[in-house]
Amino acid sequence: MRVIKINSREPEKSKIKKAATLIKKGEVVAFPTETVYGLGANAFDEEAVKKIFILKGRPQDNPLIVHVSSLKQLKLVAGEIPSKAKILMRKFWPGPLTIILNKKESVPEIVTAGLQTVAVRMPSNKIALELIKQTGPIAAPSANISGKPSATTAEHVKEDFKEKIKIILDGGKTQIGLESSVIDLTTKNPVLLRPGKITKEEIEKAIGKIKIAKTSKKPKSPGMKYKHYSPSVPVILTTNPKLEIEKHKKGGKKVAAICFAKCGADEEYNPKDLEDYAKNLFYLFRKFEKKNDAIIVEKVSEKGIGRAILNRIKKACGIK
Ligand code: TXA
Ligand code: MG
């Protein structure tokens, strides 16, 4: 496997071409986006997309996001584009917002897990944009083994897939650190299926009231029903990190913590704000699981990006 370092401000086109050539040949490559790393294949190549599911150990009923670099590419995969979608694209694309639209025939069933809808996103990361420009639409989930925390560095991708993938484009640590917000615009009322950096409040300012998806037995977004983002040690969500840490230490356990003020854990990170918390959450899950028996995380309020942080933490804890 080759890890190719790319300048994220001015990506070297010739280096990206190596990955593009592989994708055109039906291979899978890992690349950075502004949210997390993606594991990409040509969205129109059924066999190539199949490889992604096998590599990740991803359930077949969990559809992938199709990444585009232009509105021209968008038209290759999505049917009619509602006016609310146009507003959101104008405001938030390129960027960390995925929109569910009706799909075009040309998108293979494996990409959408048999659904008549397709998830689309135009990432803002320059490396991702250049790659997609060279290849055409790329189907890509997050570049992690299914169930593990998403990868926010090339090292994480390497840890998970080792020699099983040929190329990782290394653009450094991802800026946002949590996956994109996902909004469904194929229903009468828009539904936020997955919270992210683009917040409910920001979306509502642009298109009016939206609903929040509830996790139910038959979720609209298949990905919602799976246990997710879990490190190999328990994650404990609390409003009182100090107390939890004392309890664990008394029991002779090594504990790590993410908390706003110093809390006396064996290893800890004190985020300076919610953005910093989001950026480092998965990164720290992967770091802390190596030497600790538990990870204590401080609760945040369900506002702005706090909603996305809590969503990922609750899934990692197994809280519904
Ligand atoms: O930030 C991101 O979105 C990253 C980067 C690589 O772009 N990608 C990512 O992909 O997080 P993934 O596969 O890990 O998550 C995609 C989510 C899943 O929960 C999936 O069920 C949902 O989007 N999804 C995809 N297509 C859908 C569809 N047609 N209808 C409803 N949900 C869909
Ligand atoms: Mg994922």
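All ligand and atom numbering here is 1-based and tracks the order in the structure. Along the sequence shown, residues are numbered consecutively beginning with 1.
Under 2.8 Å from the Mg ion (ligand 2) lies no N/O/S atom of Ser146, from backbone or side chain alike.
Taking the six-membered ring for Trp and thresholds of 30 and 60 degrees, Phe31 and His67 have ring planes more than 60 degrees apart, a perpendicular arrangement.
By the criterion of a heavy-atom distance under 4.0 Å, neither the backbone nor the side chain of Lys56 is placed next to ligand 1. Neither the backbone nor the side chain of Lys103 comes within 4.0 Å of ligand 1, counting heavy atoms alone. Neither the backbone nor the side chain of Asp184 has any atom closer than 4.0 Å to an atom of ligand 1 (non-hydrogen atoms only). When heavy-atom distances to ligand 1 are checked against a 4.0 Å cut-off, Thr117 comes that close through both its backbone and its side chain.
In this structure, Val36 is not a member of the same hydrophobic cluster as Ile165, with clusters built from ILVMFWY side-chain heavy atoms closer than 4.5 Å. Residues Val49 and Ile65 do not share a hydrophobic cluster, defined by chaining ILVMFWY side chains whose heavy atoms lie under 4.5 Å apart. Linking Ile, Leu, Val, Met, Phe, Trp and Tyr whenever their side-chain heavy atoms come within less than 4.5 Å puts Tyr283 and Ile313 in one cluster.
The shell of residues lying under 4.0 angstrom from ligand 1, judged by heavy atoms, excludes Glu34.
For ligand 1, the polar-atom distance check finds an N/O of Asn62 within less than 3.5 Å of one of the ligand's N/O atoms. Considering backbone and side-chain N/O of Thr35, one or more are found under 3.5 Å from N/O of ligand 1. For ligand 1, the polar-atom distance check finds an N/O of Ser180 within less than 3.5 Å of one of the ligand's N/O atoms.
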Evaluation steps, salt bridge (charged side-chain N to carboxylate O under 4.0 Å, His left out), between Glu267 and Lys290: CA-CA 11 Å; Glu267 238 185 308; Lys290 294 200 165 82; over 6 Å; no
